[in-house]
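What follows is one structure encoded as structure tokens, with my remarks underneath.
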Amino acid sequence: MPHRPNRLYLSSDALVANWRALARLSGPAACGAAVKADGYGLGARAVVQRLIGAGCRDLFVASWAEAEELADLAREAGVSLAVLHGLREADLTLLAALPDVRPVLSTAAQVARWRFAAPGRACDVMVDTGMNRLGIAAEEIAAGLLDDVVVDTLMSHLACADEPGHAMNEAQRARFAALAGRTNAARMSLANSAGIALGAGYHFDLTRPGLALYGGVPVAGLVGAICPVATIAAEVLQCRTIAAGETVGYNATWQASAETRVAIVNLGYADGYRRALSSRGCAFAGDAALPVVGRVSMDLVALDVGRADVREGDWVRFDDDLVHVAEASGISQYELLTGMGRRFDRHWS
Ligand SMILES: *Cc1c(COP(=O)(O)O)cnc(C)c1O
């Protein structure tokens, strides 16, 4: 698809400014970047090039396939690249080809696999401190599971960082802090984006923001520090005037109370413009807000253009404030970003 019908406008300045803001908020801790899921849908290679340029030295992906996509960039820059989902049997074939990549080991079986497959090579380790997702138990460390394993970064993950008052945060922080000095790990890392805002006690040696790099604001403590990075733009395919009493779209869910100018735009739920934004989303032509009217279709959405001068062939921009869109749709900022479809040309500025 050389000419995809829709555009994603991406701001290098905003991405870099967000990383710098998170690095500043991380205090003396280094600030890494979670670039899994294709850089949260924005395009991992382009994201990584810009973050490396800004000074980021630690990258996290989910799988070895994602690591393979980025390994050349990381190697050229001498930047660390870690695979959060550890080392499955099927990943062993990639170890030799990706000699600088580290798995984040999270089970005793993975530790055994790593000892056998890559003796002496450095890895990272995930320890579970209460989320009960991935990670070895603190008791396994005490029992010697990591003795003789070269650990670069010992990490854990917060379950409730976006709820600053939640008791889980302090409980996880304390359990993690108690592991200091109990392994040969060179560094410790706990905080994701929201965890950075919890304060210095959560920063340890390295932070791992994802969402906030890409313009997401998971917690009030980051409001004002983070700006939008990605803006969807789509083309008006047809304009029409709807008479009072007429309806728009599938199931006739929206009815004009007065004569209304409507633009039909080349974007729909197949592009990740969620159906939950039916009669709730918003686009802009210049400063004029253009509310979504009626159901979002697979490939189309209708906008009330009011008195704005919007014509066939014009491009409109959709609301890029992820907090707004998440509130309007009831869908998380994470899902909104990673759910964007494949029909966008990415335009980096
Ligand atoms: C995805 C992920 C992150 C980044 O989390 P955000 O909430 O997007 O900042 C950090 N650490 C781990 C282990 C992750 O899986």
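Note that ligands are numbered from 1 as they come in the structure, with each ligand's atoms numbered from 1 the same way. None of the values given here were measured: they were computed from a predicted structure. The chain is numbered in sequence order, starting from 1.
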Quiz prompt | Output field: ring centroids Tyr202/Phe176 closer than 6.0 Å | solution = no

Quiz prompt | Those protein residues which place at least one heavy atom below 4.0 Å from ligand 1 | solution = Ala34, Lys36, Tyr40, Leu84, Met126, Arg133, His157, Asn192, Ser193, Arg208, Pro209, Gly210, Leu211, Tyr334

Quiz item: Hey, is CD on Glu335 packed in by over 12 heavy atoms from elsewhere, all under 6.0 Å?
Solution: yes

Exercise. Go through the structure and list residues passing salt bridge (charged side-chain N to carboxylate O under 4.0 Å, His left out) with Arg317, not counting sequence neighbours.
Key: none

Exercise. Using a strict 4.0 Å threshold on nitrogen-to-oxygen distance, state whether Arg343 and Asp271 make a salt bridge.
Key: yes

Quiz item: Step by step, would you call Phe318 with Phe284 a ring-ring contact (aromatic ring centres under 6.0 Å, His included)?
Solution: CA-CA 6 Å; Phe318 283 77; Phe284 296 92; 9.2 Å; no

Practice problem: Tell me yes or no: between the side chains of Asp304 and Thr260, is some donor less than 3.5 Å from an acceptor? | Solution: no

